[in-house]
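Input: a single structure, listed below in structure tokens.
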Amino acid sequence: MLRTHHAGTLRAGHAGQTVTLAGWVARRRDHGGVAFLDLRDASGVSQVVVRDESVAHELRSEYCLKITGQVEKRPEGNENPALPTGDIEVIAGSVEILSTADPLPFQIDDASTAAPVGEEVRLRHRYLDLRRDGPAAAIRLRSEANRVAREELLADGFVEVETPTMTRSTPEGARDFVVPARLRPGSWYALPQSPQLFKQLLMVAGIERYFQIARCYRDEDFRADRQPEFTQLDIEMSFVEQDDVIELSERVVAALWKLIDVDVRTPMPRLTYREAFDRYGTDKPDLRFGLPITELTDHFADTSFRVFQAPYVGGVVYPRGASQTRKELDGWQDWAKARGAKGLAYVLVGEDGELSGPVAKNLSESERAALPDLVGADPGDAIFFAAGSRKPSQSLLGAARLEIGQRTGLIDEDAWSFVWIVDAPMFEAVADTDDVAVGTGAWTAVHHAFTAPKPEWLDSFDADPANALAYAYDLVCNGNEIGGGSIRIHRRDVQQRVFDVMGLSPEQAQEKFGFLLDAFKYGAPPHGGIAFGWDRIVALLAGTESIRDVIAFPKTGGGFDPLTGAPAPITAQQRKEAGVDVIPGEDESS
RNA sequence: GGUCCUGUGGAGCAGUGAGGAGUGCUCGCCGCCCUGUCAAGGCGGAGGUCGCGGGUUCAAGUCCCGUCAGGACCGCCA
């Protein structure tokens with residue numbers, strides 16, 4: 001080893017020892033005659049005292065040094081209580097420059113810069129960014145999360161299995177990334193959107209308890225919490241029911257949050273999908289604050305106000321919202337229109353209890369009188385309304401609820417709220433979505449085509465697909481969906497009935513999922529599982545907004561890696577070898 | 001595919017409303033001084049296609065059009 005000690009570990013007890021340290025110059029304070037270096041390695045920093053000015057003079061920020069010297073207690077009064085190593089310093093005997101450093105594109109020591117450095121320049125020099133305390137801690141926390149999950153699962157008899165990252169394109173939800181196959185020009189591998197099909201095959205294989213920290217790939221447009229490649233903690237178990245998967249999941253989550261000294265209370269509360277939409281207008285409600293939505297359809301059943309003559313009317317309270325300016329209230333209209341709504345009707349509750357605003361005069365005396373109590377509004381509050389089809393209206397109110405919670409500071413940023421969303425519908429009408437439908441039927445799977453119906457719907461789901469409930473569960477933390485899974489179909493007859501609802505013929509099913517259906521012919525065990533959004537979970541643990549902060553080398557919005565410059569053109573020779581430009585013949589399936 | 005925000009020495013900002021010489025701030029960088037600092041200090045200095053292209057104008061960082069890049073959101077993401 002080049003060193004005998006780690007810089008951040010030296011204490012008063014080391015005084016008198018001769019040590020060798022290796023690390024980077026975090027900061028240099030040259031007094032001419034005596035110079036102080038903060039030498040940083042992964043463990044922290046120690047102050048090094050260089051008394052030879054000719055040695056100290058040429059040293060610069062982020063030079064990589066090897067220093068041998070004696071640990072001494074700092075002179076009386078010169079201790080730095082802000083540093084763990086603040087009681088000692090290392091009097092440099094020899095200073096060897098292992099590596100010099102050019103002037104930096106940005107400062108590593110962010111304590112000295114008032115404002116944060118821009119993300120683009122940080123990502124272009126991510127290897128420097130990761131020398132900083134915050135980013136370094138996030139990557140190390142991720143490693144700890146991986147360790148904790150592995151320990152919890154391995155101790156419970158789980159087997160870690162790696163599945164292919166070059167596989168067959170299967171019709172799942174998202175667009176596939178594809179890889180040309182040199183040996184079969186015109187044919188392509190796909191990168192997996194998840195290990196879903198493989199983990200089910202592993203259940204057929206008798207693994208019984210599988211997990212993997214799995215990389216997944218989806219070629220979709222970006223959002224703050226999306227990357228083209230992302231990570232799931234993927235779990236699948238045989239001979240289990242919903243409660244078994246949930247119980248295991250809660251143990252894993254509790255172990256993870258212990259990393260940040262949070263005791264997660266289990267069992268976690270559950271909401272049905274229906275309740276979540278009725279009360280919070282979303283399937284991933286943030287329960288760190290209240291402000292539930294109130295359905296007002298019955299209240300306005302006989303209204304003369306055209307806008308409220310709708311299949312659904314609901315409202316949400318904006319505490320103290322009546323004092324908003326006209327401009328702010330108009331801003332909400334733009335906000336709603338940006339979400340595809342016509343607008344956001346509102347009523348202001350005066351301090352005297354009188355209702356005002358453009359909508360109020362359209363309401364009857366009785367409609368006005370009961371309204372504040374019905375929605376839980378006090379004098380000085382505002383009430384926002386959405387009217388129209390049930391789900392879009394609830395979604396709008398749910399988004400408004402969240403926006404109100406954020407604007408009014410109702411959200412306790414230190415709180416952790418976990419909730420399971422259960423009993424999601426199995427199907428949704430194709431007309432309600434623009435999904436690339438797997439089949440040609442009027443219905444498409446909400447979760448995926450292998451999700452089992454709840455036991456009580458086993459006989460009737462195909463007779464009443466609009467109301468059939470799936471044996472599926474999503475885990476939501478502070479308004480983020482951090483995990484989701486289901487009990488799978490293991491019976492061929494049930495699977496075919498699901499395909500029938502989706503308009504998928506046996507022949508079509510065989511073509512698309514044949515390898516899975518074939519496997520299910522050979523004694524498939526009942527099984528189910530869950531996948532956790534690992535990047536989001538670690539981001540929550542790290543207390544950062546963006547999952548980019550917990551990915552070592554993330555990509556920016558266009559799928560571009562500012563560090564390597566990927567994606568980049570390839571040479572003509574590479575194109576030729578890869579067979580990218582081969583046009584499939586008529587006898588080849590594309 | 002759509003909407004909004006941002007782009008000014010190496011970093012972070014101000015300057016754009018209401019056009020008038022690349023003006024300013026904090027940090028960094030370079031040189032000199034300095035023997036107890038720890039965001040060291042003092043003095044001096046260098047460093048700019050104002051993202052890019054076009055237009056309006058006597059004159060554009062500033063106004064208009066287009067475009068590129070980054071961020072956020074809608075669509076999309078079983």
Side-chain angles (χ1 to χ4, degrees), chain A residues 26-39 45-53 56-57 60-62 74-83 85-86 89 102-125 128-129 170-175 193-194 196-197 216-228 230 334-341 395-396 399 403 424 426-428 433-438 444-451 470 472 474 481 484-486 502 531 533 545-546 548 555-558 560 562:
Chain A
R27 197 159 274 280
R28 184 181 64 124
R29 295 174 294 278
D30 189 345
H31 290 242
V34 63
F36 302 95
L37 306 178
D38 291 337
L39 193 75
V45 294
S46 265
Q47 174 163 288
V48 174
V49 182
V50 181
R51 297 201 182 275
D52 185 343
E53 178 61 19
H57 192 71
R60 292 292 181 271
S61 283
E62 299 304 314
R74 292 195 188 185
E76 186 79 29
N78 279 341
E79 300 86 359
N80 185 346
L83 295 177
T85 59
E89 58 195 8
D102 283 355
L104 301 164
F106 57 89
Q107 285 160 262
I108 305 288
D109 182 4
D110 36 15
S112 61
T113 51
V117 177
E119 194 171 12
E120 201 181 350
V121 67
R122 284 174 44 208
L123 292 185
R124 193 155 58 242
H125 305 276
L128 294 178
D129 189 39
T170 55
E172 294 179 84
R175 203 174 290 118
Q193 298 179 24
S194 77
Q196 181 63 37
L197 301 177
C216 308
Y217 308 86
R218 293 178 194 174
D219 188 5
E220 291 295 336
D221 287 346
F222 278 50
R223 282 299 172 73
D225 56 352
R226 285 188 223 155
Q227 288 270 304
F230 61 97
D334 297 334
W335 176 89
K337 282 170 188 159
R339 276 160 183 73
S395 293
L396 181 67
E403 186 73 23
M426 277 190 85
F427 304 104
E428 64 184 339
T433 128
D434 295 324
D435 271 12
V436 183
V438 173
T444 183
V446 170
H447 199 66
H448 58 62
F450 312 109
T451 299
D474 285 346
E481 186 194 322
S486 64
M502 297 168 61
E545 286 293 317
S546 169
R548 290 187 294 272
K555 292 171 181 58
T556 62
F560 182 74

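Numbered from 1 within each chain, the chains take letters A, B, ... in sequence-line order.
- Nucleic acid contact for A/Gly484: none, since no nucleic acid atom lies under 4.0 Å from a heavy atom of the residue.
- Scanning for side-chain hydrogen bond (donor to acceptor under 3.5 Å, both in side chains) contacts around A/Arg226 gives an empty result, with sequence neighbours left out.
- A donor-acceptor pair under 3.5 Å is absent between the side-chain atoms of A/Glu89 and the main chain of A/Val49, judged by distance alone.
- Remark: the backbone N or O of A/Cys216 is not paired with any side-chain donor or acceptor of A/Gln193 at under 3.5 angstrom.
- For the pair A/Arg28 CZ and B/G41 P, the interatomic distance rounds to 13 Å; values are reported in whole Å.
- If you check every strand for non-hydrogen atoms under 4.0 Å, A/Glu89 touches a base.
- Atom C1' of nucleotide B/G75 and atom CZ of A/Arg175 are separated by 12 Å, given to the nearest angstrom.
- Rounded to a whole Å, the OH atom of A/Tyr217 is 17 Å from the C1' atom of B/C77.
- OP1 or OP2 of B/A11 has not a single side-chain nitrogen or oxygen of A/Arg122 nearer than 4.0 Å.
- Comparing B/C38 with B/A60, their P atoms sit 49 Å apart, to the nearest whole Å.
- A donor-acceptor contact under 3.5 Å links the side chain of A/Arg74 to the base of B/C38.
- Between A/His31 and B/A40, a base-stacking contact is recorded: ring centres under 5.5 Å apart, planes less than 30° from parallel.
- Residue A/Thr85 comes nearest to A/Val45 through the heavy atom pair OG1-O, 2.7 Å, listed as atom of the first residue, atom of the second, then distance.
- Of the P atoms belonging to B/G36 and B/C52, the separation is 48 Å, rounded to the nearest Å.
- When both distances must be under 3.5 Å, the Watson-Crick or G-U wobble mate of B/U35 does not exist.
- Going from the C1' atom of B/G10 to that of B/G48 covers 12 Å, rounded to whole Å.
- At a cut-off of 3.5 Å, with distance as the only test, a side-chain donor of A/Gln47 or A/Arg29 sits close to an acceptor on the other residue.
- Dashed line: the shortest gap from a side-chain N or O of A/Arg29 to OP1 or OP2 of B/A40 is under 4.0 Å.
- Within the shown strands, nothing qualifies as a pairing partner of B/G19 under the Watson-Crick or G-U definition with both distances less than 3.5 Å.
- Under the rule for a salt bridge (charged side-chain N to carboxylate O under 4.0 Å, His left out), A/Arg60 has no partner lying at least two apart in sequence or in another chain.
- Minimum atom distance to the side chain of A/Asp221 is reached by B/C76, of the listed B/C76, B/C73, B/A39.
- A donor N or O paired with an acceptor N or O is found under 3.5 Å between the base of B/C38 and the side-chain atoms of A/Asn80.
- Closest contact between the side chain of A/Arg51 and the listed nucleotides B/U35, B/G1, B/A40 involves B/U35.
- Applying the Watson-Crick and G-U wobble criteria (two distances, each under 3.5 Å), B/G24 pairs with B/C13.
- Residues forming a side-chain hydrogen bond (donor to acceptor under 3.5 Å, both in side chains) with A/Asp52 (at least two apart in sequence, or on another chain): A/Ser54.
- Computed from coordinates, the A/Asp219 CG to B/C76 C1' distance equals 11 Å when rounded to whole Å.
- Across every strand in view, B/A72 sits in a pair with B/U3 that passes the Watson-Crick or G-U test at under 3.5 angstrom.
- Side-chain atoms of A/Val117 and A/Gln107, non-hydrogen and from C-beta on, never get closer than 4.5 Å to each other.
- Searching all strands for a Watson-Crick or G-U wobble partner of B/C77 with both distances below 3.5 Å returns nothing.
- Across B/G42 and B/G47, the matching P atoms stand 24 Å from one another, rounded to whole Å.
- Nucleotides B/G66 and B/C4 are separated by 12 Å at their P atoms, to the nearest Å.
- For A/Arg226 against B/C77, a side-chain-to-base donor-acceptor contact under 3.5 Å is present.
- Atom CZ of A/Arg339 and atom C1' of B/U3 are 11 Å apart (whole Å).
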Polar atom pairs between nucleotides 67-72 of chain B and protein, under 3.5 Å, N or O only, would you list them?
residue, atom, partner, partner atom, Å
B/A69, O2', A/Glu120, OE2, 3.2
B/G70, OP1, A/Thr556, OG1, 3.1
B/G71, OP1, A/Gly557, N, 3.2
B/G71, OP2, A/Gly557, N, 2.7
B/G71, O3', A/Arg548, NH2, 3.4
B/A72, OP1, A/Arg548, NH2, 3.1

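- Across all strands shown, A/Glu481 has no heavy atoms under 4.0 Å from either base or sugar-phosphate atoms.
- Distance noted for atom C1' between B/G45 and B/C64: 41 Å (whole Å).
- B/G15 and B/U8 have their C1' atoms separated by 9 Å, with the value rounded to a whole Å.
- Picking from B/G10, B/U35, B/C38 the nucleotide with the shortest atom distance to the side chain of A/Val34 gives B/U35.
- The ring pair (Phe, Tyr, Trp, His ring centres under 6.0 Å) test applied to A/Phe450 returns A/His448, A/Phe513, not counting sequence neighbours.
- Minimum atom distance to the side chain of A/Pro103 is reached by B/C29, of the listed B/A11, B/G36, B/C29.
- The side chain of A/Gln47 has B/U37 as its nearest neighbour among B/U37, B/C77, B/G28.
- Phosphate contact (OP1/OP2 of B/C32, side-chain N/O of A/His57, threshold under 4.0 Å): present.
- Remark: A/Asn80 pairs with A/Arg74, A/Ala82, A/Leu83 by the side chain to side chain contact (heavy atoms under 4.5 Å, CB included) rule, at least two apart or across chains.
- Here A/Pro75 lies in heavy-atom contact (under 4.0 Å) with a base.
- The partner of B/G47, taking Watson-Crick or G-U wobble pairs whose two distances both stay under 3.5 Å, does not exist in any strand shown.
- Rounded to a whole angstrom, the distance from the C1' atom of B/C63 to that of B/A72 is 27 Å.
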